[in-house]
Amino acid sequence: MKALRDTRHMTVRHLLALWRQPWWIAVSLIQPVIWLLLFGALFKAVTDIPGFGSDNYIQFLAPGVVVMTAFFGAGWAGMPVIEDIDRGVIDRFLVSPVKRSSLISGRLASWSLTTAIQSLIIVVLALIVGASFANSVLGVAILIVEAILVGAAFGCLSIGLALLIRKEETLIAAVQFLVLPLSFMSVTFMQKSLMPGWMQTVSDFNPLNWAVEAGRDAVTAGPDWGAIAGKTGLLVAFLCLCGFFAMRAFRTYQRAV
Amino acid sequence: MSEANAIEAVDLRKSYGEDVVALDGLTFSVPAGTVFGLLGPNGAGKSTTVKILTTLAHPDGGSAKVAGFDILREPARVRESIGVVSQAGGLDREATGRENLRLQGQVFGMGGRELERRIDELLEQFRLADAGKRLVREYSGGMQRRLDVAQGLVHKPRVLFLDEPTTGLDPEVRAEMWDEIARLSGAGLTVLLTTHYLEEADQLAAQLAIVDKGRVVAEGSPDALKRELRGDAIHIELGTETAAEAAVREALARVDGLDEIIYDENRLLHARAEDGARTVPAVLAALDGADLEVAAVTVARPSLDDVYLRFAGRTFGEAESADGGRRTDDEKEATR
C-alpha cells in the first residue's frame with residue numbers, strides 16, 4: 001500500500017517536472033515524426049527488394065518507430081537520476097521512510113504514461129501518411145504495450161547504470177553505445193529474412209526486436225497470437241530482470257555513500 | 001544508555017577505501033531538546049557522522065541510537081523520527097517550494113488539509129509565504145537554505161540534523177540563518193548542527209564536540225571550553241629570518257607565567273598567559289635578547305579557535321588546509 005502511494009506521489013512529481021519543460025515536449029513529439037518521414041523516405045526503395053513482402057514501407061516502418069521511440073527515450077531515464085544524486089534529492093529520500101522501489105517505479109509510471117500518449121500520436125500520424133493498422137484498437141493497444149515493456153526494461157537499465165556510474169558523460173556514452181546497434185540489429189527497418197544470417201541470430205536475443213516483431217504482428221492482418229504472447233512473456237521476464245538490477249544498483253549506491 | 005539523550009554515538013568507525021579514515025572511534029551524546037554542535041575543519045568526519053546517524057551510510061564499527069532507536073537494528077524507526085538537512089539540500093529545483101514541502105510530507109504519510117496547513121505554517125515561519133508558488137530554481141541561496149530547513153521540519157521530527165547549514169552563504173544571509181536556527185530550539189526539538197565556522201558553533205550550540213581527524217577531541221559548552229583555557233591567548237608572528245624552534249623555546253623558558261607554547265611551521269608562536277598584557281613585554285624582551293625578530297603580536301581573550309588549537313594541537317586554518325585535500329565526504333561534497 002505504502003509502495004503504491006509513494007509511487008503515485010513520485011509519479012506526480014515527475015509529470016509536473018515534464019509539464020514544465022515545453023521544449024522537451026515539443027522535441028519528443030517532433031522526433032518520431034522525423035524518424036517516420038525521414039526513414040520512410042530514405043528506405044522507401046527497400047520494398048522493391050525481392051522477398052521484402054510488403055509494398056508500403058511506411059506501413060512496415062510505423063510500428064517499428066513506435067517501439068524505437070519508446071526505446072530511445074527510455075535510454076535517457078537515468079539522466080535525471082544523476083541530477084537527483086548531485087542535488088542530494090536521492091539522499092534526502094533515502095533518509096525518509098519512502099519505499100525505495102517507488103523511486104524507480106514512479107519514474108517508470110510517469111514515463112509509461114507519456115510514452116503511451118506519444119505512441120498514440122505516432123499512430124495517428126502514420127495513419128495520415130498512409131499506413132493502416134489491422135486489428136484496430138486491440139492491435140494498437142498491444143503495440144503500445146510492447147513499446148512500454150521494452151522501454152521500461154531499458155529505463156530500469158539506464159537508472160541502474162546511473163546509480164552505479166553517477167556521471168552524465170559516462171551514461172551518455174553507454175547509452176549511445178547500446179542504442180543504435182540494438183536498433184539496427186532488429187526488424188525495425190528491415191525484413192528479417194533479408195538480414196545477414198549472424199544478425200538474424202543476434203536479433204533473436206535482442207529485446208528490442210522482440211517488441212518490434214510482436215508489436216508489428218499485432219497490427220498486421222492474421223496475427224500469430226501465440227508468438228505475440230511468447231514474445232510479450234519474454235519482455236516481461238526481461239523487465240523483471242532489469243528491475244532487479246536497478247534495485248541492486250540502489251543498494252550498491254548506498255554502500256558507496 | 002540514558003533515555004534523556006536524543007543521540008548517542010559510541011565508537012563510530014568508517015573508512016573510505018584503503019587509506020582514508022573518516023571516523024576513528026567517534027563518541028558523543030546529545031541531550032534531548034538542545035542544540036548540539038559538531039565543530040571541526042573540512043574533512044574532520046562531520047558529514048560522515050551525519051550520514052551514519054541518519055541511516056544513509058553504514059558504519060564499519062561502533063553503534064548509535066537516535067531518538068531512542070538503534071540505527072543498525074531499527075533504521076526505519078530512526079527515519080520516521082528525524083529530519084535531515086544535508087549540505088546538498090536535496091530540493092527539487094524544477095518544483096515549487098510548496099510542491100517540495102508537500103512531497104516531503106506525503107513521503108511521511110501526511111496528506112490532505114492537515115498537510116497544507118503545516119506547509120502554510122512553515123512557509124510563513126521561514127518568510128517564504130510569497131515564494132511558495134515559485135520554482136525553487138528561481139530562489140536565492142538564502143531562500144533555498146530556508147526551504148531546506150523547512151523541508152526537514154514538515155513532519156515535526158524529534159531530531160533535526162543540520163549539516164553545514166550556512167556554508168556558501170554570504171555573511172548577511174548567514175546571520176539571518178542563525179536567527180532561524182536559534183528559534184528552532186526550545187520546542188522539544190533536538191538539533192545536531194555540524195559546522196566549520198567557530199562563530200556559528202559559539203552562537204548556536206548549547207553543547208559542542210570538537211572533532212578532529214574522526215575523533216572527538218573536546219566536549220562541553222562553548223563557555224566551559226573557553227573557561228578551561230585560563231588566561232589570555234598570545235599570538236606572535238616572528239620575523240622573516242627562520243628561527244629554530246629550539247632557540248625560540250629556550251628564549252621563552254625564562255619568561256614567567258607563560259604556558260602551552262606552540263610554534264608552528266608558519267613561524268607563528270602561540271602561547272597562553274594568566275595576564276596577557278603584563279606578560280607580553282617580558283616575552284618581547286626575551287625574544288629580543290635571543291636576537292629573534294618579532295613581526296606582530298596579538299593578545300586576545302580565549303576564543304573557540306584557541307580551544308581548537310589546544311585540543312587538536314594545530315590552528316583551525318592549518319587543519320583546514322592540511323585535511324582539505326583528503327578525499328573524505330566533505331571533500332566529495334565540495335567537488336560536486
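The minimum heavy-atom distance linking A:Asp6 with B:Val107 is given by the pair OD1-CA, 4.4 Å. Closest approach of A:Ala256 and B:Tyr16 over heavy atoms only: O-CE2, 4.2 Å.
Counting heavy-atom pairs closer than 4.5 Å to chain B, the top-ranked of the candidates A:Met10, A:Arg20, A:Gln254 is A:Arg20. Most heavy-atom pairs under 4.5 Å with chain A, from the set B:Leu103, B:Val78, B:Val85, B:Thr55: that is B:Leu103.
A distance of 6.5 Å separates CG in B:Leu56 from OH in A:Tyr253, rounded to the nearest 0.5 Å. Rounding to the nearest 0.5 angstrom, the gap separating the CG atom in A:Leu94 from the CZ atom in B:Arg79 is 7.5 Å. A distance of 14.5 Å separates CZ of B:Arg102 from CZ of A:Arg13, quoted to the nearest 0.5 Å. B:Gln151 CD to A:Arg92 CZ: the interatomic distance, rounded to the nearest 0.5 Å, is 4.5 Å. The distance from atom CG of A:Asp84 to atom CG of B:Asp92, rounded to the nearest 0.5 Å, is 6.5 Å.
With a 4.5 Å cut-off on non-hydrogen atoms, A:Lys2 touches chain B through its side chain but not through its backbone.
Under the 3.5 Å distance criterion, with hydrogens and angles disregarded, no donor-acceptor pair is assigned to the side chains of B:Gln106 and A:Arg8.
By the neighbour-count criterion of 12 heavy atoms within 6.0 Å, atom CZ of B:Arg77 is sparsely surrounded, having that number or fewer from other residues, nucleotides or ligands.
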Practice item. Decide yes or no on side-chain contact (heavy atoms from CB on, under 4.5 Å) for A:Asp91 and B:Ser86, but give the supporting numbers first. Key: CA-CA 8 Å; A:Asp91 287 356; B:Ser86 71; 5.6 Å; no
